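Contents: one structure, followed by commentary.
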Protein chains: 2
Amino acid sequence: MSHPCLIGLDWGTSALRAMLIDGHGQVIEEQFRRWGVMHLPDGGFRSAYDEITSVWRTEWPDLPCLAAGMVGSRQGWIETPYCDAPATIEMLATRLTSVPDIGVRIVPGVALRGTRPDVIRGEETQIFGSLDQGKDRCIVLPGSHSKWVTMKSGGITDFHTFMTGEIFAALRDHTILGIAASPETSTEAFDRGVLAARAASGGIAPLLFSARSLVLDGQLDPSAALDYLSGLLIGDELHVARLNAKPLLIGDADLCRRYQRAMNLYEIEADIATPGASAKGLWRIARAAGLIPVER
Amino acid sequence: MSHPCLIGLDWGTSALRAMLIDGHGQVIEEQFRRWGVMHLPDGGFRSAYDEITSVWRTEWPDLPCLAAGMVGSRQGWIETPYCDAPATIEMLATRLTSVPDIGVRIVPGVALRGTRPDVIRGEETQIFGSLDQGKDRCIVLPGSHSKWVTMKSGGITDFHTFMTGEIFAALRDHTILGIAASPETSTEAFDRGVLAARAASGGIAPLLFSARSLVLDGQLDPSAALDYLSGLLIGDELHVARLNAKPLLIGDADLCRRYQRAMNLYEIEADIATPGASAKGLWRIARAAGLIPVER
């Protein structure tokens, strides 16, 4: 077994993933709990941290611990101020915030200021974990809040948030479009939604009701309506982003494939990042911060 | 007191309004209950109808009764098939569906077929009730589902549904944008949202997160975020609809004024319909159907 040199925490809104990481940034062991920042167990952050890492810390009491994600937000364990873009690994590494008396350090998110402010928190770590797949490219991290990030010379220079996943869930669960929802998957309906969004000139707001009216008119099977809606929303995201180079997709495998499929309908090829981006990113930032030795 | 000649029911998804209507289409008395098609009392449609009209029917047992709205949908009292557009009062009047053994007649909705199918149900009656304010114009009925309707020579020829109100409610109640919601109203933030939507070139999907990030960056007061979001959504509706003539707004007074304000920011003047459109429409359709005598 390779020797552990870091405990990494990927601690988001809905879940906590703890990783025992070796000297090459690879995951040795992993623990997952639904203890997101908004769903903590009794005892809060401290109890969650103690419980998920106790076995490792008993065996290796001196391991450093680095966390990324919403754990550093205002609603998190300790607020970790954003680092302004453009941001590099080195900049993040000099701005870690420590949880007092515990020694857990937290990676800052990145903020864009100005007339179109935006923020990322957690994604910066995944991005730096995928650095060997591109230092100058567009990176897309699909999810509740999809992030489109521009990397230049290994630094995060610009980004844009689309609430696609959260909007999809709200429309599915809380509007008429969720009626007759079905767990079946129709790639045909998904493609149809993507292409309808691609052909739309003024955004998809005027198209959303078609996910209902096409069903009422017998032109869309009720069981396929949600895939059509998903296609509309993801297609619109692609439409607006006006992608013109081969992007790198980072995130949940199924969702990345869904985006890859939609991009193909826009005649754009996309790469999907190799798994383990969070662990690799935490390891790289920990090295840059001097928390673990750099192998020579 | 003027003599009643019709009981009219405006029976939608969330509420039931019963109106005692005179020979000029004016409301003599009115009853309102939160007995929408999806929120019926025990005993269902029949009980709701009996209870809300019993006093009137005891006094005037021969009054005809005409209903409009979702009461005629598949989930309604009795399904009343849509009338295809273009649709006139006379066409609707010949296609009323009667509830068996009860004598209540229901006005059909209007359907648009083809590649962009769409439907209205209930709005057709309000539109025909406002016919004296324009037989050739664009009519906008804001609401959960806003309807943009084109009238030509007194007939409904085209229309388009925007789910603006329902999307707003889903985003407010079920996404991060509803955080720090406040009952205060900020017309300034509303205007800012409208103007941001007006300036957007590809729909507002990329702008939605700004209702959050502007707050995080201190550029928008949390209490004003929902008005900004409302401005974005209504502004986008106006952007897409590319209005170029003076429209007529029909519906809830506050909402009509909100749309009128947004239209002003697009340099478009709008009229707001005189109240009582539903009653007037039911009365006109009842006359065209021969349910009540036409005065000469």
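A note on names: the letters A, B, ... follow the listed sequences, proteins ahead of strands, and every chain is numbered from 1. The structure displayed is predicted, hence computed values, not measured ones.
Heavy atoms of H160(A) lying under 4.5 Å from chain B belong exclusively to its side chain. Of the two parts of S210(A), neither the backbone nor the side chain holds a non-hydrogen atom closer than 4.5 Å to a non-hydrogen atom of chain B. Of the two parts of D236(A), only the side chain, counted from C-beta on, holds a non-hydrogen atom closer than 4.5 Å to a non-hydrogen atom of chain B.
Taking 4.0 Å as the cut-off between side-chain N and carboxylate O, R116(B) and D158(B) count as a salt-bridged pair. The existence of a salt bridge linking K147(A) and E124(A) is excluded, since no basic side-chain nitrogen approaches an acidic carboxylate oxygen closer than 4.0 Å. Taking a cutoff of 4.0 Å between a charged side-chain nitrogen and a carboxylate oxygen, R198(B) and D191(B) do not qualify as a salt bridge.
Counting heavy atoms from C-beta on, the side chains of S146(B) and T161(B) never come closer than 4.5 Å. In this structure, the side chains of I250(B) and C256(B) stay at 4.5 Å or more apart for every pair of heavy atoms. By the 4.5 Å heavy-atom criterion applied to side chains, V149(A) and I127(A) are counted as neighbours.
Between chain A and the options A200(B), P206(B), S144(B), A170(B), heavy-atom pairs under 4.5 Å are most frequent for P206(B). Among H239(B), H145(B), R74(B), the residue making the largest number of heavy-atom pairs under 4.5 Å with chain A is H145(B). Of the listed residues (V119(A), L112(A), D217(A)), the greatest number of heavy-atom pairs within a distance under 4.5 Å of chain B belongs to D217(A). Between chain B and the residues A196(A), G114(A), A241(A), A111(A), the most heavy-atom pairs under 4.5 angstrom are made by G114(A).
Counted within 6.0 Å of CD on E188(A), heavy atoms from surrounding residues, nucleotides or ligands total 12 or fewer; the atom is thus considered open. Around NZ of K246(B), the count of heavy atoms belonging to other residues, nucleotides or ligands within 6.0 Å exceeds 12.
Between the side chains of S230(A) and R258(A), a donor-acceptor pair is found at a separation under 3.5 Å.
Proximity to chain B among residues 162-169 of chain A is limited to F162(A), M163(A), E166(A), I167(A), judged by heavy-atom separations below 4.5 angstrom.
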